[in-house]
Amino acid sequence: MKRIPAPALLAWFQEQRRDLPWRKRRTPWRVWVSETMLQQTTVAVVAERFEKFMRLFPTPAALAAATESEATLAWAGLGYYRRVRNLRAGALALGKRPVPRAEDDLLGLPGIGPYTAAAIRAFAFDEPAAVIDANVGRVLQRFMGEEGAWNTAPVLKKARAVLRASSPPRGRDFSEGLMELGALVCTPKDPACPACPLRPDCAAHATQRVAETTTRKRRAPVRQIEAVRLRIQRAGKTLFVQRPLDADLLPGQWELPGAWCARDTVIDAALVARLLRPLGFRLAGEFKRSAVARHSVTTHQLRCTLLDTPVRGRMCRARWLRKDELPGTLTTETRKLLLAGGSS
DNA sequence: GAGACGTGGGC
DNA sequence: TGCCCAAGTCT
């Protein structure tokens, strides 16, 4: 079994370790929150928001006591809101018990998968755990000379075996060092092999195939969408509606009423009337196209149009609000459109 | 196992 | 500007 040279890795890590906010105090809750935030999200974006979230919710109990809307608001800018819903659900499930240390107990909490369970065990409890994220996966893939994707079952199995054979009994710095190595040195593009403490033992380096072992996953096809949003105002207030709490996409967020349509949809009075009907309104004059914006949300590429829409009738299932009294998170689509459309 | 799930920042 | 990515999890 090939082994990672732990002393060389640890020496490198001691020199190169970045000072990141979540590395200041390693409580299980801080590790859980930060690892959740860092899923598919850049270090720079998380670094700006982590401490603020921790001030609002310093303990699992604090998050459990908050509403889902408050929790989502604190998550704004991070995306993948399912993560904060899961975090809160996990805190609720915990009750008064401490964050668990055993892998099976961690895996039982919502939003905690193999990576996050291992990260909590290693970073919070200093256990030897197979902390394999995309960084570590890439390091090990190259180290072992595997050219398939790191996250396929057979490569992962070998990776776990290498880690088991290599990790010291106290696994925190070893695991974190390997991750840091993937982030700073063994990068997907242009890896800095001369700076790598694993170079003497690296299979990909030996065969000069480091560049070839970069796996990239293909992106889901982008769907082109026409987004139509109505700005309906009365007495200085604007009408907002809330997305369903069980929606797959952006659950519970607030937005201007409207719809996503096929890209070739014609925006005319008939369409606007159709959008108004479920709100209990009828069109009461000419609508005006007052802004356009572009926005992408996961696999949807939106061309957004803001329509200032005069109405009559009675509304339902919606709220009149001034800008400064929004009840929660606005969708970015609506936020961009209102920014582009100014106040009118 | 593929597809869905967001956003801000880099180039 | 437009396209790409970034410490996964769930279905």
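Proteins come first, then strands; the chains are lettered A, B, ... in the order of their sequence lines, and each starts at number 1.
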Using 0.5 Å steps for rounding, measure from the CD atom of A/E255 to the CG atom of A/L239.
11.5 Å
OP1 or OP2 of C/dG8 under 4.0 Å from side-chain N/O of A/Q40:
yes
Between A/H300 and B/dC5, is there a contact of a side-chain N or O with OP1 or OP2 at under 4.0 Å?
yes
Integer-rounded Å distance: C/dC5 C1' and A/L78 CG:
16 Å
May I have the distance from A/W150 (atom CH2) to C/dA6 (atom C1'), rounded to whole angstrom?
12 Å
Send over the distance from A/K189 NZ to B/dG10 P, rounded to a whole Å.
14 Å
In terms of the angle between their ring planes, are A/W75 and A/F53 parallel, tilted or perpendicular, with boundaries placed at 30° and 60°?
perpendicular
State whether A/Y81 places a side-chain N or O below 4.0 Å from either non-bridging phosphate oxygen (OP1 or OP2) of B/dT7.
yes
Expressed in angstrom and rounded to an integer, what is the separation of A/L140 atom CG from C/dA7 atom P?
14 Å
Check whether any side-chain N or O of A/R335 sits under 4.0 Å from OP1 or OP2 of B/dG8, and answer yes or no.
yes
Rounded P spacing from B/dG6 to C/dT11 in Å
14 Å
Students often get this wrong, so: under 4.0 angstrom with heavy atoms, is A/S34 touching a base, only sugar-phosphate, or nothing?
nothing
In whole Å, measure the gap between the C1' atoms of C/dA7 and B/dA2 for me.
22 Å
Options C/dA7, B/dT7, C/dG8, nucleotide nearest the side-chain atoms of A/Q253:
B/dT7
Taking 4.0 Å as the cut-off, does a side-chain nitrogen or oxygen of A/T298 come that near to OP1 or OP2 on B/dT7?
no
Using modelled atom types and a 3.5 Å cut-off, is there a donor and acceptor pairing between side-chain atoms of A/R289 and backbone atoms of A/L307?
no
With a 4.5 Å limit on heavy-atom distance, are the side chains of A/P100 and A/L109 in contact?
yes
With a 4.0 Å cut-off on heavy atoms, is A/R49 in touch with a base, just the backbone sugar-phosphate, or nothing at all?
sugar-phosphate
Describe the nucleic acid contact of A/A134 in one word from base, sugar-phosphate, nothing, applying a heavy-atom distance below 4.0 Å.
sugar-phosphate
Report the residue (A/P110 or A/L38) whose heavy-atom-nearest nucleotide on DNA chain C is the more 5′ of the two.
A/L38
Heavy atoms under 4.0 Å, any strand shown: does A/V43 hit a base, just sugar-phosphate, or nothing?
base
What contact category does A/I132 fall into here, base, sugar-phosphate, or nothing, at under 4.0 angstrom with non-hydrogen atoms?
nothing
What is the distance, rounded to the nearest whole Å, between atom CG of A/N86 and atom C1' of C/dT11?
13 Å
Between B/dA4, B/dG8, C/dA7, spot the one nearest the side chain of A/R82, thanks.
B/dA4
Nearest of C/dA7, C/dA6, C/dT9 to any side-chain atom of A/Q39?
C/dT9
Mind calculating the distance between OH (A/Y80) and P (C/dT9) to the nearest angstrom?
13 Å
Do the side-chain N and O atoms of A/Q39 and A/T116 include a donor-acceptor pair separated by under 3.5 angstrom?
yes
Taking only N and O in the side chain of A/T332, is any of them less than 4.0 Å away from OP1 or OP2 of B/dT7?
yes
May I ask you to say what A/R243 touches in the nucleic acid, namely base, sugar-phosphate or nothing, with a heavy-atom cut-off under 4.0 Å?
nothing
Counting heavy atoms from C-beta on, name the nucleotide in B/dT7, C/dA7, B/dG8 closest to the side chain of A/V297.
B/dT7
Rounded to whole Å, the CH2-P distance (A/W32 to C/dG8) equals 18 Å
Quick one: label A/L249 by what it contacts on the DNA or RNA (base, sugar-phosphate, nothing), any heavy atom closer than 4.0 Å.
sugar-phosphate
Winner on side-chain proximity to A/R223, out of B/dC5, C/dA7, C/dG8, is B/dC5
Passing option when A/P251 is tested against A/R85, A/Q242, A/R243 for side chain to side chain contact (heavy atoms under 4.5 Å, CB included):
A/R85
On the side chain of A/T41, is there an atom forming a donor-acceptor pair with the base of B/dG6 - under 3.5 Å, no angle test?
yes
Expressed in angstrom and rounded to an integer, what is the separation of A/L87 atom CG from C/dC10 atom C1'?
16 Å
Looking at every strand, decide which applies to A/W22 at a 4.0 Å heavy-atom threshold: base, sugar-phosphate, or nothing.
base
What is the nucleic acid contact for A/G79, judged by heavy atoms within less than 4.0 Å: base, sugar-phosphate only, or nothing?
base
Under 3.5 Å side-chain donor-acceptor pair for A/Q224 and A/Q301:
yes
